[in-house]
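One structure is given here, and the rest of the page talks about it.
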Amino acid sequence: MSYHPSNHQNSDYGTPFAPHNNQGYYPPGGFNLPQAPGNPPPIPSYSYPASNYQTHPPPPSFHDGYAPTYLPPPAFQSHGGYTPGPPPSQSTYPGVSYQAPQYSHYQNQASIIQYRNTPVPAPVGYDLSPLGDIAPGYDPSMDIDKIRKATKGIGTDETALVAVLAHLGSLPIASLSAAFKARTGKTLVEVLDSETSGYFGETLHGLVQGPLWHDAELARSAIQGAGTDELLLTEVIGDLTASDHQNLFMAYRMRYGRDLQADIRNDLSAKTERLYTMIISSNPPPDNVAVNFQQVEHDVKALYKAGQGKIGTDEITFCDIIINRSKPHLAALCDAYSRKYKSLTKVIKSEFSGHMRQTLLFIVEGAKPKHSMEFGPGVWRDAKLLEKSMKGLGTKDKQLVRRIIRYHWDRPRFEAIKAAYQKKYRKSLEGRIAGETSGDYKKLLVAIVKGI
């Protein structure tokens with residue numbers, strides 16, 4: 001199978017970020033990296049499809065006139081009270097009108113890393129506060145006073161807690177937690193755990209831990225005790241980059257004194273163990289590297305021979321290709337496979353079962369090009385997962401809580417999820433959650449979704 005301009009010249013596929021004129025690479029999100037002595041000059045950035053956020057110059061023509069609809073999300077995002085560097089004029093997620101707030105430049109900042117496209121303090125140890133200013137421009141003093149007032153004496157003022165905590169982004173939450181411990185001698189998690197309960201308390205518990213430490217706790221709960229929660233484990237580790245995996249491994253060891261990779265291998269067996277070992281060991285090319293379409297064509301043939309083209313299934317070949325490819329590559333692969341044979345998700349559903357089927361579908365549906373052009377990668381899948389948490393008899397509150405908390409940190413992407421949910425189900429996510437929950441728990445989740 002080959003790709004020629006004559007076959008795809010009318011394609012609306014856009015060009016992924018790629019090396020250009022051998023001058024270096026385009027940083028994710030189209031933002032220039034600082035220029036240091038000896039480094040190549042900054043590379044001009046591009047624009048995202050279906051978005052009003054424009055950069056320049058226009059992208060070069062793509063290899064053979066063909067490219068996947070998927071374009072990678074930016075590494076830069078805005079996060080409720082802190083913006084690391086110059087923010088864009090609006091979200092780089094297609095079809096989203098989220099406005100990034102403006103903040104002044106800063107000095108003496110704590111070491112900040114990116115985890116799941118969200119800025120977080122570099123882990124120095126569980127319950128150890130990072131050195132330096134975590135969220136310049138945010139003063140936690142008044143919020144600490146409000147929390148202490150809400151949790152002192154008989155009873156708890158849940159409304160006050162919602163007003164303080166629901167709108168804070170990842171860095172203000174980390175700053176608040178560090179300052180709270182310094183002023184009170186107790187951790188914010190300890191105080192909230194003792195003063196709240198039920199799913200309201202569980203939501204606050206995950207919220208104040210921040211993205212990285214919360215994921216470490218979720219990974220531990222997925223493999224601790226009798227049996228393994230493979231769905232939870234897949235959601236935690238199945239969408240991470242190689243650097244995200246390393247940061248999660250570090251945080252997990254700091255908190256539990258254990259090796260997450262070893263714990264996963266010891267808790268699973270047979271092909272499921274191999275599948276998750278491949279996921280946590282994977283190091284696919286970055287999403288800003290140009291897709292090699294010769295490799296895409298090779299992968300299409302390999303997947304066909306491993307599944308439809310033989311009796312039985314070569315599971316390891318499937319896992320190798322799906323796990324160890326970038327999202328733009330997988331998007332092009334899904335498109336090319338469906339053009340020549342049939343939907344790759346249908347093949348996975350017919351060739352696999354159980355946990356392997358569930359995990360491979362999670363990865364592939366996060367890269368499929370069908371809705372990426374409009375909403376961004378994995379957004380449509382995550383909107384559907386939120387609905388699954390509420391669909392049917394009774395609400396799966398644990399799933400709903402963890403998904404809302406994990407998704408909301410990357411605010412522009414979460415706005416895209418809300419837009420995708422509205423389009424698919426003809427109702428707002430806020431309204432759906434309000435109809436499925438009650439009391440202070442309802443107020444908290446709705447406030448997180450609104451982001452105000």
Side-chain angles (χ1 to χ4, degrees), residues 73 75 77 79-80 111-128 130 134 165 168-174 177 187-189 192-193 202-225 228-265 267-268 276-277 279-282 323 359 362-363 366 377-378 381-382 385-386 389 397-411 413-414 417 448:
Q77 299 292 359
H79 297 277
S111 178
I112 302 298
I113 62 172
Q114 288 283 322
Y115 178 73
R116 287 179 34 231
N117 210 37
T118 303
V120 298
V124 294
Y126 187 62
D127 279 348
L128 292 180
I134 300 172
L165 298 170
L168 292 180
S170 56
L171 293 182
I173 280 283
S177 297
T187 68
L188 185 54
V189 172
L192 294 177
D193 283 353
E202 188 170 322
T203 305
L204 286 180
H205 177 90
L207 194 64
V208 299
Q209 290 188 92
L212 180 56
W213 296 111
H214 185 222
D215 271 9
E217 182 176 273
L218 290 175
R220 182 62 178 162
S221 65
I223 56 180
Q224 192 176 30
T228 305
D229 187 342
E230 284 85 357
L231 175 60
L232 172 55
L233 187 60
T234 294
E235 290 188 33
V236 172
I237 70 172
D239 234 5
L240 300 183
T241 64
S243 62
D244 287 340
H245 279 133
Q246 294 304 316
N247 288 321
L248 180 60
F249 298 156
M250 187 185 307
Y252 187 90
R253 183 177 289 278
M254 287 177 178
R255 177 162 186 182
Y256 300 107
R258 304 175 65 90
D259 183 344
L260 177 57
Q261 299 179 78
D263 281 354
I264 290 174
R265 289 193 297 267
D267 205 58
L268 300 168
Y276 284 102
T277 299
I279 291 174
I280 60 180
S281 304
S282 65
I323 291 170
T359 302
F362 178 85
I363 296 172
R381 175 201 65 194
D382 292 347
L385 286 174
L386 285 172
S389 302
D397 292 281
K398 284 188 174 294
Q399 290 184 11
L400 180 61
V401 166
R402 74 169 183 249
R403 286 168 181 165
I404 289 293
I405 292 175
R406 295 187 80 242
Y407 298 164
H408 97 284
W409 294 119
D410 186 347
R411 197 72 210 180
R413 187 177 187 276
F414 190 47
I417 291 174
I448 293 172

Is there a side-chain contact between Phe414 and Ile404, using heavy atoms and a 4.5 Å cut-off?
yes

Once rounded to the nearest 0.5 Å, what's the spacing between atom CG of Asp193 and atom CD of Glu202?
10.0 Å

Salt bridge (charged side-chain N to carboxylate O under 4.0 Å, His left out) for Asp239 and Arg381? Distances and angles first, verdict last.
CA-CA 12 Å; Asp239 234 5; Arg381 175 201 65 194; 2.5 Å; yes

To the nearest 0.5 angstrom, please state how far the CG atom of Leu232 sits from the CG atom of Leu218.
5.5 Å

When rounded to the nearest 0.5 Å, the distance separating CD1 of Ile264 from CG of Asp267 is 9.0 Å

Taken in chain and number order and not counting sequence neighbours, the residues that satisfy ring-ring contact (aromatic ring centres under 6.0 Å, His included) with Tyr252 are Tyr256

To the nearest 0.5 angstrom, please state how far the CD1 atom of Ile405 sits from the CD atom of Gln209.
9.0 Å

I'd like to check Leu268 versus Glu230 (side-chain heavy atoms, cut-off strictly below 4.5 Å). Are they in contact?
yes

Check: Arg255 main-chain N/O paired with Arg220 side-chain donor or acceptor under 3.5 Å
no

Can you list the steps and then say if Arg406 with Asp215 is a salt bridge (charged side-chain N to carboxylate O under 4.0 Å, His left out)?
CA-CA 8 Å; Arg406 295 187 80 242; Asp215 271 9; 2.8 Å; yes

Which heavy atom of Leu260 sits nearest to which heavy atom of Ala219, and what is that distance?
CD1-CB, 4.1 Å

Looking at every heavy atom in both His214 and Gly206, which two are closest together, and how far apart are they?
CD2-CA, 3.6 Å

Could you tell me whether a side-chain N or O of Asp410 sits under 3.5 Å from a main-chain N or O of Thr118, the two making a donor and an acceptor?
no

Nearest 0.5 Å, what's the OG1-CD1 distance between Thr234 and Ile279?
6.0 Å

Indicate yes or no for a side-chain donor-acceptor contact from Ser243 to the backbone of Thr241 under 3.5 Å, with no hydrogens or angles considered.
no

How long is the gap from CD on Glu235 to OG1 on Thr359, to the nearest 0.5 Å?
10.0 Å

Short question: side chain of Tyr276, backbone of Ile237 - any donor-acceptor pair under 3.5 Å?
no

Distance-minimising heavy-atom pair for Leu207 and Ile173
O-CG2, 3.7 Å

Looking at every heavy atom in both Trp409 and Leu168, which two are closest together, and how far apart are they?
CZ3-O, 3.9 Å

Is there side-chain contact between Ile113 and Pro123, with heavy atoms separated by less than 4.5 Å?
yes

Compare every heavy atom of Gly125 with every heavy atom of Met254, then report the nearest pair and how far apart it is.
SD-N, 3.3 Å

Do Ser111 and Pro130 touch side chain to side chain, with heavy atoms closer than 4.5 Å?
no

Check Leu171 against Val120 and note the closest heavy-atom contact, atom names and distance.
CD2-CA, 3.8 Å

